[in-house]
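Encoded as structure tokens, the structure appears first; notes follow it.
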Amino acid sequence: MNLRPSLLTALLLCSLLTKTEAQCPLGLSGTFTIGPTGNYPTLTAALADLQPKGVNGPVTLELQSTYTCTAETFPITLRATRCASQTNKITIRPEAGAPTLLITSNDSIATIDLNNGSFYTLEGRPGGTDTTHQLTIANTHTAGTAIRLINGATYNELNHLIAQGVNTLTDAGVITLAGTDTVDNIYNRIDSCTVTAGATQPLNGILAQDYH
């Protein structure tokens with residue numbers, strides 16, 4: 001049987017979409033609020049629900065204007081999530097109209113740890129628009145990093161954030177891309193972020209490791 005190219009393409013696309021939906025039938029999609037009156041009280045709780053279910057469309061986790069990080073478990077770990085892709089990304093950002101929000105820890109590893117996590121966007125602009133930096137991610141531990149990407153974290157974006165730290169280690173920074181002997185972190189983007197000191201000066205702002 002001969003199929004015209006357009007029909008063959010449509011059939012292949014339909015097959016791919018069906019397979020993706022079947023892989024994550026309970027996957028989440030849409031916008032979910034994080035905070036005292038939100039869909040989830042914390043990012044920790046949202047990720048605990050999201051990561052095992054996967055996604056079947058783009059997901060946005062919006063921090064309410066009243067969000068605080070006091071109940072979070074650190075590091076907040078962004079792991080590989082089923083069915084996440086360039087099309088079905090997971091975005092974390094303040095909601096429209098939110099003031100400057102703070103996610104801070106005194107963790108010796110990281111405040112936010114993209115540990116084998118891919119297709120995440122950490123966005124500092126409320127509602128994802130304008131050019132304001134309304135989300136600060138900080139770490140007050142001299143051995144900790146504000147944001148770490150490790151174990152093959154790929155296709156992630158850090159946009160319009162304020163990253164703050166006091167790290168004094170030679171092999172880490174306020175933002176750390178930590179390579180390993182076998183797995184690098186590739187195709188990640190840092191765009192329009194402010195990387196700055198906390199109470200004391202960090203040794204490195206952004207540090208990328210490559211052990212190959």
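Quick caveat: nothing in here was measured; it's all calculated off a predicted structure. Starting from 1, each residue takes its place in the sequence as its number.
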Can you find a heavy atom in the side chain of [X] that is under 4.5 Å from one in the side chain of [Y]?
| X | Y | answer |
| --- | --- | --- |
| E62 | F32 | no |
| D191 | E157 | no |
| C193 | L158 | yes |
| Y155 | S85 | no |
| V55 | L50 | yes |

message: Please determine whether a side-chain nitrogen of the Lys or Arg among R125 and D130 lies less than 4.0 Å from a carboxylate oxygen of the Asp or Glu.
response: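 Salt bridge absent between R125 and D130.
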
List the atom of [X], the atom of [Y], and the distance in Å for their closest heavy-atom pair.
| X | Y | result |
| --- | --- | --- |
| P36 | T66 | CD-OG1, 3.4 Å |
| A153 | N185 | N-OD1, 2.9 Å |
| E95 | P126 | O-CB, 3.2 Å |
| K89 | T121 | CD-OG1, 4.2 Å |

Any donor-acceptor pair under 3.5 Å linking the side chain of [X] with the backbone of [Y]?
| X | Y | result |
| --- | --- | --- |
| T140 | S105 | yes |
| D107 | G144 | no |
| H160 | G128 | no |
| N106 | H141 | yes |

To the nearest 0.5 angstrom, please state how far the [atom1] atom of [X] sits from the [atom2] atom of [Y].
| X | Y | atom1 | atom2 | answer |
| --- | --- | --- | --- | --- |
| I137 | I147 | CD1 | CD1 | 4.0 Å |
| R79 | N116 | CZ | CG | 9.0 Å |
| L114 | N156 | CG | CG | 5.0 Å |
| I103 | I162 | CD1 | CD1 | 12.0 Å |
| C69 | L101 | SG | CG | 10.0 Å |
| I112 | L149 | CD1 | CG | 10.5 Å |

Exercise. How would you list, by chain and number, every residue that makes a ring-ring contact (aromatic ring centres under 6.0 Å, His included) with Y67, sequence neighbours excluded?
Worked result: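 None.
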
Full working for side-chain contact (heavy atoms from CB on, under 4.5 Å) between F74 and I109: CA-CA 9 Å; F74 294 104; I109 297 174; over 6 Å; no

Check: Should N88 and N56 be marked as a side-chain contact (heavy atoms from CB on, under 4.5 Å) after you check the CA-CA gap, both sets of side-chain angles, and the distance that decides it?
Finding: CA-CA 7 Å; N88 295 339; N56 60 21; 5.8 Å; no

Is there a donor-acceptor contact under 3.5 Å linking the side chains of [X] and [Y]?
| X | Y | value |
| --- | --- | --- |
| N167 | T145 | no |
| D113 | T77 | no |
| D49 | Y40 | yes |
| T196 | Q164 | no |

*asked:* Can you list everything that forms a side chain to side chain contact (heavy atoms under 4.5 Å, CB included) with S118? Sequence neighbours excluded, please.
replied: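 In terms of side chain to side chain contact (heavy atoms under 4.5 Å, CB included), with neighbours along the sequence ignored, S118 is linked to T154.
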
Partner residues of T33 under the side chain to side chain contact (heavy atoms under 4.5 Å, CB included) criterion, sequence neighbours left out:
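Testing T33 for side chain to side chain contact (heavy atoms under 4.5 Å, CB included), a comparison that skips the adjacent residues, returns N39, Q64.
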
